Amino acid sequence: MSTHSNKTVYALADVNSMYASCEQVFRPDLKNSPIVVLSNNDGCAIAQNQLAKDLLGMHMAQPWHELEAEGKRLGVKVFSSNYELYAEMSNRFIDTLREFSPRVEVYSIDECFLDMTGINKPLTEYGHLIRDTVKQWTSLPICVGFGHSKTLAKLANHCAKKQPIWKGVCDLTNLNETELNSLLENLQVSKVWGIGSRLEVKLNNVGIHTVARLRKANPKRIRDAFGVLVERTIKELNGEVWLDLDDSEIPLEAKQVLSSRSFGERVTELKDINEAISFHATNACQRLRKQGLYANTVYAFIQNSPFDKATFYSGNETIGLPSPTDDTLRITQAALWLVKRIYSPNIYYQKAGIMLGGLVPKEGQQLDLLGYTDRDSKSENLMIALDGINKKYGRGTLKLASEGIDKTWRMRRSFKSPNYMGDFLELPLINSNIPLGFPLGENLKLL
DNA sequence: TCTGGGGTCCTAGGACCC
DNA sequence: TCTGGGGTCCTAGGACCC
């Protein structure tokens, strides 16, 4: 039906419960187990497979301590986040998708848009081919949705995932107006990409509850009440392309770099805060250099928990740097100076972090008025050495003394799986008689 | 007791300028 | 009853995403 129309068609392919699925790939013994993956610090459940969802009936980012007892009772398998592993699996997923379209936009770690315009095949069939190939090459389960705009492709993907009738592939371009409308009448407006919980309430208040109703709403009036983003969403729901596919190879330059984290346990001492801030400054600078950027401002914050309603304290301040830099020493110095100003004793701090802003490309930086730049060759060489050693021997091999050795504030990662793909010594061993470092079995194909 | 981290974009309002 | 008006830039806050 859509075979000889030249109308734009996008696909959205995404991995089902990405993190949980990644863990399962390396643990075939957990094939039929309920699985939950926790956020940094083991605080919240951020991913769970269908089995765990059915058993625990949890919501996104629910605090794990609320579920832990019940989870244990039901035999739920728990993992801390293992981002190195998920990133590696993500690359394989993306590489596989490139076989099916010349234009692929990597939207997130587990989602890609594909340009399907002019594909001369029945889309549902093609979707199943994509799905089967990804499964075969990476062991990851995915769903595929097709639509005439990104917003519709997202919605189609949602249906493919949630409504068994589609068997994992949903093509909205193949429906006539009546069929489409009856499908959308049964979808809540919050299922639309860009409509979050706040907007849902506001839209409900003006009588818009379903996607079908939102699609028929007057864009001009919606714009006045809810802004340009919602107006654009309505047009996209009607098959107009307002969001283009962005398949540029060069990732967009970051506008800010943030490093922050909750503490493993509450801290009150300035010494511990300083160590944590030094750690975040180091981390942020490393990422800054990786992107070839300089920062102009440093922002630091420390706070106790927003759940401590009566006593909530948040100290934060920004400082402009004399000239743009990516030097860990200089930025740490600035961050620690800020901490001195925002630290207040006798508070049980829960979280700290820094944000680098005013980012500019490293190349072509002008000297400041005095003809002085912070990035002299000595500093440059030091940073190159620092990054080189940490890359070669592992993160944190070389670090500032201000970061401390005995980190009482470090995060918890009690249930982390091994670094299967990034560290030779952590490769899976199927047969314990095989000497360390010689993996066998079905994981071998992933190497 | 325990409650993620890293981003983006838009808008409103104040400061400032002529 | 009046206190100019219009433009730009910056920032804080709100909303969204995964």
Side-chain angles (χ1 to χ4, degrees), chain A residues 12 14-19 36-47 58-69 71 78-83 86-87 90 105-113 150-151 154 157-158 189-203 223-233 242-243 246 251-266 276 279-280 283-284 287-288 291 296-297 299 301 303-309 312 314 316-318 320 348 350-359 411-414:
Chain A
L12 180 74
D14 104 341
V15 181
N16 305 341
S17 314
M18 171 76 173
Y19 298 173
V36 169
V37 180
L38 304 181
S39 64
N40 277 323
N41 233 3
D42 296 339
C44 296
I46 51 166
M58 58 220 299
H59 61 76
M60 178 61 184
Q62 187 165 357
W64 177 237
H65 68 88
E66 292 175 12
L67 301 159
E68 192 167 9
V78 188
F79 292 91
S80 303
S81 300
N82 185 346
Y83 291 108
Y86 311 149
S90 175
E105 172 185 341
V106 178
Y107 178 67
S108 77
I109 192 164
D110 68 337
E111 274 177 75
C112 292
F113 287 103
K150 281 180 158 183
T151 302
K154 274 282 242 186
N157 185 278
H158 170 83
V189 76
S190 59
K191 304 299 183 231
V192 175
W193 191 33
I195 308 296
S197 60
R198 307 298 177 99
L199 278 171
E200 179 186 24
V201 172
K202 290 187 192 167
L203 286 167
R223 180 191 183 129
D224 291 341
F226 302 102
V228 292
L229 296 178
V230 183
E231 179 196 28
R232 199 176 62 190
T233 296
W242 286 79
L243 297 165
D246 175 14
L252 280 186
E253 233 161 56
K255 303 198 166 133
Q256 58 192 46
V257 171
L258 174 70
S259 177
S260 77
R261 203 139 299 162
S262 308
F263 302 126
E265 47 194 82
R266 301 289 184 104
F279 167 81
H280 289 303
N283 183 22
R287 280 157 50 198
L288 196 65
Q291 299 183 58
N296 273 294
T297 62
Y299 164 89
F301 73 92
Q303 60 178 50
N304 61 358
S305 170
F307 293 92
D308 304 347
K309 290 189 187 76
F312 181 61
S314 169
N316 58 87
E317 211 169 303
T318 306
Y348 285 86
Q350 171 257 354
K351 184 176 184 177
I354 81 161
M355 191 163 83
L356 306 178
L359 305 189
M411 68 173 176
R412 287 190 297 266
R413 267 175 118 182
S414 312

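All values reported here derive from a predicted model rather than from experimental measurement.
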With a non-hydrogen cut-off below 4.0 angstrom, is [X] in contact with a base, only sugar-phosphate, or nothing?
X      : value
A:D110 : sugar-phosphate
A:S81  : nothing
A:S305 : nothing
A:W64  : nothing
A:L199 : sugar-phosphate

Tell me the closest heavy-atom pair linking [X] and [Y], and the distance in Å.
X      : Y      : value
A:L38  : A:I46  : C-CG1, 3.8 Å
A:M18  : A:I109 : CE-O, 4.0 Å
A:A352 : A:H280 : O-NE2, 3.4 Å

What are the atom names and distances for every N/O pair under 3.5 Å that joins the protein to nucleotides 10-12 of chain C?
none

Given side chains that start at C-beta, do those of A:W64 and A:D42 come closer than 4.5 Å, heavy atoms only? no

Any side-chain heavy atom of A:W242 within less than 4.5 Å of one from A:V228? no

Check the phosphate of [N] against [X], side-chain N and O only, distance under 4.0 Å to OP1 or OP2. Yes or no?
X      : N     : value
A:S262 : B:dG5 : yes
A:R261 : B:dG6 : yes
A:S260 : B:dG6 : yes
A:K351 : B:dC2 : no
A:R287 : B:dG7 : yes
A:R266 : B:dC2 : yes

Pair assignment for B:dC18, Watson-Crick or G-U wobble, requiring both distances under 3.5 Å: C:dG5

Which label fits A:F301 and A:Y299: parallel for a plane angle under 30°, tilted from 30 to 60°, or perpendicular past 60°? tilted

Relative to each other, are the rings of A:F113 and A:W193 parallel, tilted or perpendicular (30° and 60° limits)? tilted

Between P of B:dG4 and CG of A:N283, the distance in whole Å: 18 Å

B:dC17 and C:dT3, which share atom name P, separated by this distance in whole Å: 24 Å

